Amino acid sequence: VARLWISHGAPTSRGEKPPATLARLSERIERHLIPGIGSVRMSELRHHHVEQWLEAEAVGGRIDPATGKPRGQARETLLAHRKDALQGMT
């Protein structure tokens with residue numbers, strides 16, 4: 001779903017993303033999101049899959065252990081994709 005979203009210009013309610021943003025999001029999705037949970041089909045994705053991925057991100061320093069919130073690139077990737085991915089699940 002993430003690759004499809006990027007291939008269609010990462011559309012949101014505010015329009016498509018600029019090319020530089022698409023390139024940055026694509027790189028982050030390929031580097032972080034897909035290796036972490038990309039093997040799980042969207043229809044089978046559950047809370048524990050995301051928790052396991054977030055734990056691995058924390059070990060890698062991409063999650064702030066004090067707040068449990070993603071840091072830097074991981075946070076931007078999640079926020080950019082979350083709304084559109086969730087809309088596709090309903």
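Every value quoted in this text rests on a predicted model; they were computed, and no experiment measured them.
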Taken to the nearest 0.5 Å, the spacing of L45 CG from S39 OG works out to 10.0 Å
Taking S7 for the side chain and L4 for the main chain, is one N or O donor matched with an acceptor at less than 3.5 Å?
yes
Taking side-chain hydrogen bond (donor to acceptor under 3.5 Å, both in side chains) as the test, write out the residues that go with Q52, two or more places apart.
none
Please check this pair: side chain of W53 against backbone of H32, looking for a donor-acceptor N/O pair closer than 3.5 Å.
yes
Contacts satisfying side-chain hydrogen bond (donor to acceptor under 3.5 Å, both in side chains) that involve residues 40-51 (not counting sequence neighbours) are H47-E51
Could you measure the distance from the CD1 atom of I29 to the CD1 atom of I6? Nearest 0.5 Å is fine.
4.0 Å
Holding to salt bridge (charged side-chain N to carboxylate O under 4.0 Å, His left out), I want the full list of residues that pass it with E30, two or more places apart in sequence or in another chain.
R3
